[in-house]
Undergrad: 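Structure in structure tokens, see below.
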Amino acid sequence: MGMERKRKRKVSLFDVVDDTCVSAKLAKTNGFAVHGNDTNPLVNRWNGRPYSKRYLEILEKRKTLPVWHQKEEFLQALKANQTLILVGETGSGKTTQIPQFVLEAVELEIPDKRRKFMVACTQPRRVAAMSVSRRVAEEMDVNIGEEVGYSIRFEDCSSSRTVLKYLTDGMLLREAMADPLLERYKVIILDEAHERTLATDVLFGLLKEVLKNRPDLKLVVMSATLEAEKFQGYFYGAPLMKVPGRLHPVEIFYTEEPERDYLEAAIRTIMQIHMCEPPGDILVFLTGEEEIEDACKKISKQVANAGDVYGPVKVVPLYSTLPPAMQQKIFDPAPPPVMVGGSPGRKIVVSTNVAETSLTIDGIVYVIDPGFSKQKVYNPRIRVESLLVSPISKASAHQRSGRAGRTQPGKCFRLYTEKSFNNDLQPQTYPEILRSNLANTVLTLKKLGIDDLVHFDFMDPPAPETLMRALEVLNYLGALDDDGNLTKLGEIMSEFPLDPQMAKMLVVSPEFNCSNEILSISAMLSSKSHYIVLSVLCLESNRMSKWKYNNGLRMLLLSLRMHACLPSIYEDASWCYENFINPRAMKAADNVREQLVRIMVRYNLKLCSTDFNSCDYYIDIRKAMLAGYFMQVAHLERTGHYLTVKDKQVVHLHPSNCLNHKPEWVIYNEFVLTSRNFIRTVTDVHGEWILDIAPRYFNLENFPQCEAKRVLEKLYKKREREGEESKN
DNA sequence: GAGCACTGC
């Protein structure tokens, strides 16, 4: 209800607040008047220039895409409905063609030409947004960034002339935070909706509300086929259009019996294909880096043992944290025969789920699918996200097998029985929203003006406990008041692309006189800090002892400080080497830092540092960290183990920590559940600070009985005594 | 004394 009221108010402001006036004027001077020139088939209506020869060539190819056969049908359905669902498999051309069809059919200027609207098309991944928009700009014979553009974090490649914008789903959600009715758009296309990313799921619910308040806005939801009816039900029975894909047939094979060891079975299958099947590259899906590297070694060894009768093999690992140069190897051609007339070579790609959606490798003919992947799971009771090797879904298995049929008919070997496929695999992977900590999402929703989360129309509503946990965390952080309304602090926090704890730490850091340092820490933590230092260390264990000799934390903070002061220093490769720093990761962190600084400046948050020679320098930093992470405190018990405060989980310092002793109180950035409960990226804090900085969370009245409580009680009493003494 | 599925802002 609250949201609707707010929205309506915003609509009434429509004529007063018109931030597109400038762009409208620009558009006119940029030749937008040619818009009416549709009748001249040789002139591009978007920029008034004659079409190039290349345009006409591409146009002929475009017309052979399956989706073109249904162009008229689509345009009629679009005209007649506010929401439309379009399902189509890989190769239908929907991602590139549908937005162009929409442009042809929708009036993007209001009659007096004071306002110009856009068409948006969302993608779950940045690379897709970039590459697809480039392709479409070429197809439309315009320059990228002008009439067709894209917008992703760190890069807005669009202009006042842009009529079609590809953007990540997360980016559209960000835009909605500043413009809740998405008033700059006339049509919004949500692509790859079946992937059910957190951002897409939030956009679903949001757009349903926006559509009620914006009768002129249209929504097209594009997805793979499997969940089409569910989407239809959710969007009030919106019409469904099906577009055939264009893939080569893939023959599916199951095992007769369940496999006990999928890794062994996968390698056995590879060898069978290599020795018995016609030429063609192989793609194997495994679960993680270590498993993949291990498998690659074993495969190379077995191929070598098989002898020269069979063709040569190139085994290539693939996972997202692999350096880009190594990732490129998946596109290398298969090796040539060893001798003239010998058996042709084969490329074997051993990959995580990246090859399922994000990366496409042409030339794959055989897919081996053991049926597992690492998936995120969330336990709201102890607020911990962890990764678990779990069976994949039917949809995922389908997607994997499709990877064999991109260039010619292929084969997919599923290392489980057909019965297991039918009975054991769930139809869809659980959407991310059901497997995540929602603190950040709830903050975003509040900022979007959604007051009543319980009745928010989620396609799959998260567990009430997960929502309650998120509300509780935000309330303790001061982002929401006791009625669940967004506070001024919460509003500022929501502007930062960070988790709420980190956003809080950053927003309050000027009070501790260390925002320059906290900016660096936030930037590095949110761009995976351990890769900056530790991956280098692991490779050079002989240098590690030298590094360990120094106080690790101080060392890291020192480099942080240099980072804060001299951002160009990491361009010096030898300096990076000497200081155990990965320049690529450092550059990424610096990008993040710059973005955070811009937000700080926008909200008048002071950029400041304590004097480096002051003994308060590190203390101030640690206090600011505590101000964000006081809900992630662990206490060292007399038994020598750490217990997380309140949740009372036994945890261990992750061996990658830089501490040379076990402090009584620590705050941690991450709780990871692997062979044991580990807390990773740990900083020591003092009990006295806890009382000062988070008195409400550490209020002893509703505190479970434990050693930490007794220690805190003593500290409170000591403080009382000191207070009285100073009075006397 | 362990070892990060994949995205995104």
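By convention in this document, chain letters (A, B, ...) are assigned in the order of the sequence lines, proteins followed by strands, and residues within each chain are numbered from 1.
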Undergrad: Mark yes when over 12 heavy atoms from residues, nucleotides or ligands other than Glu290(A) sit less than 6.0 Å from its CD; otherwise mark no.
TA: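 Check fails, neighbour count at 12 or below.
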Undergrad: Provide, to the nearest angstrom, the distance between the CG atom belonging to Leu387(A) and the C1' atom belonging to dC6(B).
TA: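 In whole Å, dC6(B) C1' lies 9 Å from Leu387(A) CG.
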Undergrad: Hey, does Ile152(A) reach any base, or is it just sugar-phosphate, or nothing, if we go heavy atoms under 4.0 Å?
TA: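 Touches sugar-phosphate only.
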Undergrad: Choose from dG3(B), dC6(B), dC9(B) the nucleotide whose nearest atom is closest to any side-chain atom of Val354(A).
TA: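 So the side chain of Val354(A) is nearest to dC6(B).
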Undergrad: Return the value, rounded to whole Å, for the distance between atom CD of Glu291(A) and atom C1' of dG3(B).
TA: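 From Glu291(A) CD to dG3(B) C1': 14 Å.
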Undergrad: With DNA chain B as reference, determine whether Gln375(A) or Arg676(A) sits nearer its 5' end, using the nearest nucleotide of each.
TA: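 By nearest-heavy-atom nucleotide position, the 5'-most residue is Arg676(A).
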Undergrad: If you look at every strand shown and take non-hydrogen atoms under 4.0 Å, does Arg126(A) touch a base, only sugar-phosphate, or nothing?
TA: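 It contacts sugar-phosphate atoms only.
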Undergrad: Specify the separation, in whole Å, of atom CD1 of Ile392(A) and atom P of dC6(B).
TA: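 Nearest whole value for this atom pair: 15 Å.
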Undergrad: Pairing donors with acceptors under 3.5 angstrom, does anything connect the side chains of Arg196(A) and Gln428(A)?
TA: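 No, no side-chain donor-acceptor pair sits under 3.5 Å.
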Undergrad: Among dA2(B), dC9(B), dC4(B), which is the nearest nucleotide to the side chain of Phe678(A)?
TA: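 The nucleotide sitting nearest to the side chain is dA2(B).
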Undergrad: Calculate the interatomic distance between Glu289(A) atom CD and dA2(B) atom C1'; express it in whole Å.
TA: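 Glu289(A) atom CD is separated from dA2(B) atom C1' by 13 Å.
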Undergrad: On DNA chain B, does the nearest nucleotide to Ser373(A) precede the nearest nucleotide to Asp499(A) from the 5' side, or the other way round? Give the residue.
TA: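 Of the two residues, Ser373(A) wins.
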Undergrad: Taking the cut-offs as 6.0 angstrom to the six-membered ring centre and 45 degrees off its axis, would you call Arg400(A) and Phe285(A) a cation-pi pair?
TA: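 Output yes; distance and angle both within limits.
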Undergrad: If I take atom CD1 in residue Ile433(A) and atom C1' in nucleotide dT7(B), what distance separates them, rounded to the nearest angstrom?
TA: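 Taking atom C1' of dT7(B) as the reference, CD1 of Ile433(A) is at 15 Å.
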Undergrad: Check the distance between dG1(B)'s C1' and Asn677(A)'s CG and give it to me in whole angstrom.
TA: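 These atoms are roughly 16 Å apart.
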Undergrad: What is the nucleic acid contact for Thr197(A), judged by heavy atoms within less than 4.0 Å: base, sugar-phosphate only, or nothing?
TA: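 Nothing: the residue Thr197(A), judged by heavy atoms under 4.0 Å, touches no strand.
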Undergrad: Mind calculating the distance between CZ (Arg196(A)) and P (dT7(B)) to the nearest angstrom?
TA: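 Distance check: Arg196(A) CZ to dT7(B) P gives 20 Å.
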Undergrad: Between Tyr150(A) and Lys165(A), is there a cation-pi geometry (under 6.0 Å to ring centre, at most 45° from the normal)?
TA: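 No; the conditions do not both hold, so Lys165(A) does not lie above the ring face of Tyr150(A).
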Undergrad: What is the distance, rounded to the nearest whole Å, between atom CG of Leu198(A) and atom C1' of dT7(B)?
TA: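 From Leu198(A) CG to dT7(B) C1': 10 Å.
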Undergrad: Among the nucleotides dC9(B), dG3(B), dT7(B), which one has an atom lying closest to any side-chain atom of Ser320(A)?
TA: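 Closest of the options to the side chain of Ser320(A): dT7(B).
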Undergrad: Which is it for Asp460(A) and Lys230(A) under the salt bridge (charged side-chain N to carboxylate O under 4.0 Å, His left out) test, yes or no, and what are the steps along the way?
TA: CA-CA 10 Å; Asp460(A) 283 287; Lys230(A) 180 170 182 174; 2.9 Å; yes
Undergrad: Base, sugar-phosphate, or nothing: which does Thr168(A) touch, judged by heavy atoms less than 4.0 Å apart?
TA: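 Contact class for Thr168(A): sugar-phosphate only.
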Undergrad: Would you classify Arg125(A) as touching base, sugar-phosphate or nothing, given that sugar-phosphate means primed atoms plus P, OP1 and OP2, and contacts are heavy atoms under 4.0 Å?
TA: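 The residue Arg125(A) makes sugar-phosphate contact but no base contact.
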